[in-house]
Amino acid sequence: MSVFSEKLQDKFKHYLARYETRRSAILPILHEIQDEYGWIQPEHIESLEKEYGLAKVHVQEVVSFYSMYRTEKPRPYRIYFCDNIVCTLMGAEKTMEKIRKVMKSYEDKGLESPFSLEGVPCLGVCDGAPAMLVNKERYLRVDSEKVEEILMKYGA
Amino acid sequence: MNEQVTFKLNGKDVSVPKGWTVMEAARRENVSIPHFCWHPGLKIAGVCRFCMVEVVGRPKLEIACNLPVTEGLEINTKTDVVKDAHKWGLEFHLINHPLDCPICDQAGECKLQDYYMEVGKYKSQMTRPKILKPKALDVGSELVLDTERCILCSRCVRFEEEVTKTNALGIFSRGDRSIIGTYNEEKLKHNYQENQVDICPVGAFTSKRFRFKQRVWFLTQKESICPGCSTGCRISVHAKPQERRYFRIKPVLDKEVNGYWMCDIGRRTFEHHNLENRLDSASLVKRGNGELAALAEQLEASSPRDIALLVSAQYLNEEYQSFFEFFVKELGVQKVYQWREPTEKRDDFDNILLRGDRNANTQGLMGTLETFGLSRNARNEFDDCLKSKSKVVIALCPEITSGFPSLGTHLTQLAEMPFVSLWTCLIEATEIKGLENLIPMKSFFEKKGTTLNYNKVERKLESPYPSAVFGALDVSEAVSALRSEMRKMLGKD
Ligand code: SF4
Ligand code: SF4
Ligand code: FES
Ligand code: FES
């Protein structure tokens, strides 16, 4: 029995046939896995070797090369906050400080925060600075008040 | 057929077969092109960008390892632009290098050091601190890895891909944080690990067995043949003869037999040659030639029918020749037994180099038996010798014990026979009670002669080391000493 669903396996087969070398299919296959499970787990890498002959080392090389492949279980809500020049000028740092505070309030209560925060490069919406993404949702002009409202929506 | 192309190398016309690269051509012409990632036994990677050469008429320098020679090409390897490229290349490779040559085993045979002296010699411009990476990692039974010393040439990665087909090493992360390693700290498990120490151009991979033992420039090197199995890889034995110590073994290129590699079992075959593992005349019960005299007495008193020869397949053709010449031709002994490991899988092959027949000279022994009209004896085994009720047994003991788990039992069983003369280089023999007649032998690297490998290719041992112990003999020397003992005895009568 495969650890991957039938649907996923069909996709893998499609990618494996698509390129000149099977190794080239590692990149899109990893995307599919991350979309399905949220992150790339050791058992996925091991199964790719066992079931598809993609060497663990080759997969790990790709996973470790790209920082956007996740190798740890992600929090339910991942905040990507733009920390480039325009957003910084428009107060990104202050908003991020607020987010950190909210996250810490969970820990103070002995709970795990449902959020993670990461600084990212320009999101291409400088006119709406400061800008952020929560998972794939985009928010503009998030100052420290607005951000509290948004986080509430997600359960804070 | 063999189409030639002619090009200019540093102004000189050079012709090489079509398909050769500039790197290969330059090597044949003894023109040194500094390089890290190219290795003649592996595929081209072109990642170190160090083998830059000038191609006249082209705007940029190109890498020699991946540049096919074409008609009329003009290559310069020593011009100022090339020298400049070398300096820059080295400076990049050394940005995060720990520069710990004083404690690095590779020092003295390190390509970074060599090229720094040859084409580098710049002052470092780096003011930022170096990036630190994991050191002294245990990556396999034979290897230690220092990822800071690595220059990311990918030779080791390709070795795992192309030679052992194990894909155990990869380059993880990116940029200046790139790091060589195994998946999830798994260990390399194959029998070819120490080749990584040889092909790694720097001191990233070092050998557990050799690490911190010796500075390489103090070692003498002599070519020999690996006694580890019937492949017979060509090797170089590194030792300090003045201290009577052997330190390590490295493979020597032999296109016909082992190519560039050898296995780890073979690398270990130097250990038993060292003093503490050796039988020498001082460790004997009776001293000096007393042992041979005792044997001579026994031979004198026995009929050839009561004498048996027990012969392992780890001696040289010349030794077998004089052994059988004396015992079979001169004394008329007819009982000959092969001394082999009963559990051996003689026809096994790992599809790289190592063979199931862990004796260096099975073919040579068979051949000699045949010349002496003893082919039928080739099938006689150790147990047959035990059952033969012989009164005197002369036994040529195996010296490579890694493939001979039954040796201890065999020796104990032999000790129960009436009179056994054990010809051996191993100290273990003295621990067995009842084995009283021991003749100290020279070990494999201390002998001159030939063997035949599994494929009947002749393997030559040409430059022996002086024996690490006093009073050791090869079989031919022992036979002539024995012969004169017997003459002496007859004279006395
Ligand atoms: S460990 Fe050695 S062989 Fe492997 S990539 Fe680094 S420098 Fe090259
Ligand atoms: S393959 Fe055989 S001959 Fe070659 S190194 Fe290994 S043991 Fe020695
Ligand atoms: S700088 Fe933040 S979106 Fe462009
Ligand atoms: S030797 Fe040519 S690029 Fe490395």
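Letters A, B, ... are given to chains in the order of the sequence lines, protein chains preceding strands, and every chain is numbered from 1. Here the structure is a predicted model, which is why all the values come from computation and not from measurement.
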Is the number of heavy atoms from other residues, nucleotides or ligands within 6.0 Å of [atom1] ([X]) greater than 12?
X        : atom1 : value
A:Met68  : CE    : no
A:Lys101 : NZ    : no
A:Tyr19  : OH    : yes
A:Ile85  : CD1   : no
A:Trp39  : CH2   : yes
B:Lys18  : NZ    : no
A:Lys104 : NZ    : no

Would you mind telling me which of B:Ser173, B:Gly170, B:Ala168 has the largest number of heavy-atom pairs within less than 4.5 Å of chain A?
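Of B:Ser173, B:Gly170, B:Ala168, B:Ser173 has the most heavy-atom pairs under 4.5 Å with chain A.
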Taking 4.0 angstrom as the limit, do A:Arg23 and B:Glu161 come out as a salt bridge?
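Result for this pair is yes, salt bridge flagged.
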Side-chain donor/acceptor of A:Glu61 to backbone N/O of B:Ile171, under 3.5 Å
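Yes; judged by distance alone, with no hydrogens or angles, the pair exists.
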Least distance between heavy atoms, B:Tyr183 atom then A:Val57 atom:
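Distance-wise, the nearest heavy atoms are N-CG2, 3.9 Å.
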Does any heavy atom of chain A fall under 4.5 Å from the side chain of B:Ile179, the backbone, both, or neither of them?
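For B:Ile179, no heavy atom lies under 4.5 Å from chain A.
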Checking B:Glu160 against chain A: side chain, backbone, both or neither under 4.5 Å from a heavy atom?
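Neither part.
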Interatomic spacing from [atom1] in [X] to [atom2] in [Y] - rounded to 0.5 Å:
X        : Y        : atom1 : atom2 : result
B:Asn167 : A:Glu49  : CG    : CD    : 8.0 Å
A:Ser67  : B:Arg174 : OG    : CZ    : 4.5 Å
A:Lys56  : B:Thr182 : NZ    : OG1   : 9.0 Å

